[in-house]
Amino acid sequence: ASPTAALATDGDSSPASSASMAQPAVVDVNPPRGTRDFPPEEMRLRSWLFDNFREVSRSMAFEEVDFPVLESEALFIRKAGEEITQQLYNFEDKGGRRVVLRPEITPSLARLVIKQGKSVSLPLKWFTIGQCWRYERMTRGRRREHYQWNMDIFGMPKVRAEAELIQAIVLLFERLGITSSDVGIRLSSRKVLQAVLDMYSVPQHLFTQVCVIVDKLGKLSREEIEKELISTGLSSEAVQGIIEVLSLKSLSKLEEVLGSGVEAVADLKKLFSLAEQYGYADWICFDASVVRGLAYYTGIVFEAFDREGELRAICGGGRYDRLLSTFGTEDVPACGFGFGDAVIVELLKEKGLLPDLPRQIDDIVFPLDEELEGPASSVASSLRKKGRSVDLVEDKRLKWVFKHAERINASRLILVGKSEWERGMVRVKILSTREEFEVKAGELQ
Ligand SMILES: CC(=O)Nc1cnc2ccccc2c1
């Protein structure tokens, strides 16, 4: 049997044929658990999505940056009980260093801002698209990697930053054909929770833990949330106060409860008025229960959701003004979001918005017999230098070449034949119109 025959076995004990019995077990052709390959068709869809991410970033005047997927574990050690830090894809490298495959991008961004220090002028607007990892017991069969588009602004303390980032999200959805009736953006501020904790004189060191617990509203039952909150040491009055305020859906009600002049309310009012000016007001709504699950958010937080409600958050982000001081340096106000590559594709599938992305090339160059392989190479080379995408085909029958041209949606078929070549000509077939004519080889473009 051919060497690849063994690859065809699906690895079960009952061999397909006696031959596979004799074959040694060849490498497992599947990628590691929880990870994906991107064959051409999937890769075209991913590239299409990422090109949209990039186009939006460009239109917002963000600069692209990148980081190693491998980072020091220290960057992600946080004590707030976040799921993301309990699933670190961490290990010790051969130098005995504690490292991780990064679970998120923001700490790397902060690290680079600190490293760049005084040499960069604020505000900084940076974006990246990068793979992130988690190590989860495969019992849940969830993926262990995904790609995330991140947009972050450093050094912009006012809600203009949040307004800019929300515009980026809306621009992306609009580019993909998603409307504000498909998707909404829920937003609130962690300063709401801060104000409530102050009302019940909850010690500040509990703030991030409480945020991480409250973020599970909607995933855990109310009783479980209350239990977890009590276990952090909160009084039952404080717990009830938190649950009550977080169920508010109107800014004016929030103002009644928290009193006017509270920073959280002022920030949110400003953001809603900016939204009108940007023209995306119908995309956003206030929802006090939005806290997001990352420990370091300090202000406005937001997440996009599918209004039909099945899917989890499509993307999310918020302000994190105190992340840099947790790395031992002075704080720089910051705000950003992460947009994963998985939920959005599910949503596009459901909305029938997946684009048709057929393979397409400009020219197929084909020598009609083997003594013309040289001339065919020079024809292909000159077309490529003029920017044409060219598939140089040989050792095939003409019948196969026509089939191939159709399969890859070639625009032209350039046939290099003996008699034509002797006259310095090649034959060109326009595949859409079946039109056929001779062209001087040197004038082909
Ligand atoms: C739907 C999906 O794939 N989520 C996903 C997959 N991998 C991750 C890896 C790190 C952090 C979050 C992740 C989230």
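- Tested against Val100 for a side-chain contact (heavy atoms from CB on, under 4.5 Å), the candidates Asn90, Thr85, Leu75 yield a single pass: Asn90.
- Distance alone, capped at 3.5 Å, places no donor-acceptor pair between the Tyr280 side chain and the Leu171 backbone.
- Atoms OH and CD1, on Tyr320 and Ile300 in that order, are 15.0 Å from each other to the nearest 0.5 Å.
- Note that Arg111 lies outside the cation-pi zone of Phe327, set by a 6.0 Å cut-off to the ring centre and a 45° limit from the axis.
- In this structure, Arg46 forms a cation-pi arrangement with Tyr147, its terminal cationic atom sitting closer than 6.0 Å to the ring centre and no more than 45° off the ring axis.
- Shown here is Arg44, whose CZ atom has more than 12 heavy atoms of other residues, nucleotides or ligands within 6.0 Å.
- Between the side chain of Lys270 and the backbone N or O of Val159 there is no donor-acceptor pair closer than 3.5 Å.
- To the nearest 0.5 Å, atoms OG (Ser47) and CG (Asp51) are separated by 6.0 Å.
- Contact of the Lys351 side chain with the Asp306 side chain is registered, since non-hydrogen atoms from C-beta on lie closer than 4.5 Å.
- For the residue pair Asp362/Ser389, the side-chain donor-acceptor check at 3.5 Å is satisfied.
- Looking at every heavy atom in both residues, Leu88 comes nearest to Tyr135 through O-CB, 3.8 Å.
- In this structure, OG in Ser221 is found 8.5 Å from CD in Glu226, a value given to the nearest 0.5 Å.
- Stacking of Arg322 on the aromatic ring of Tyr296 is not recorded, the 6.0 Å distance cut-off and the 45° axial limit not both being met.
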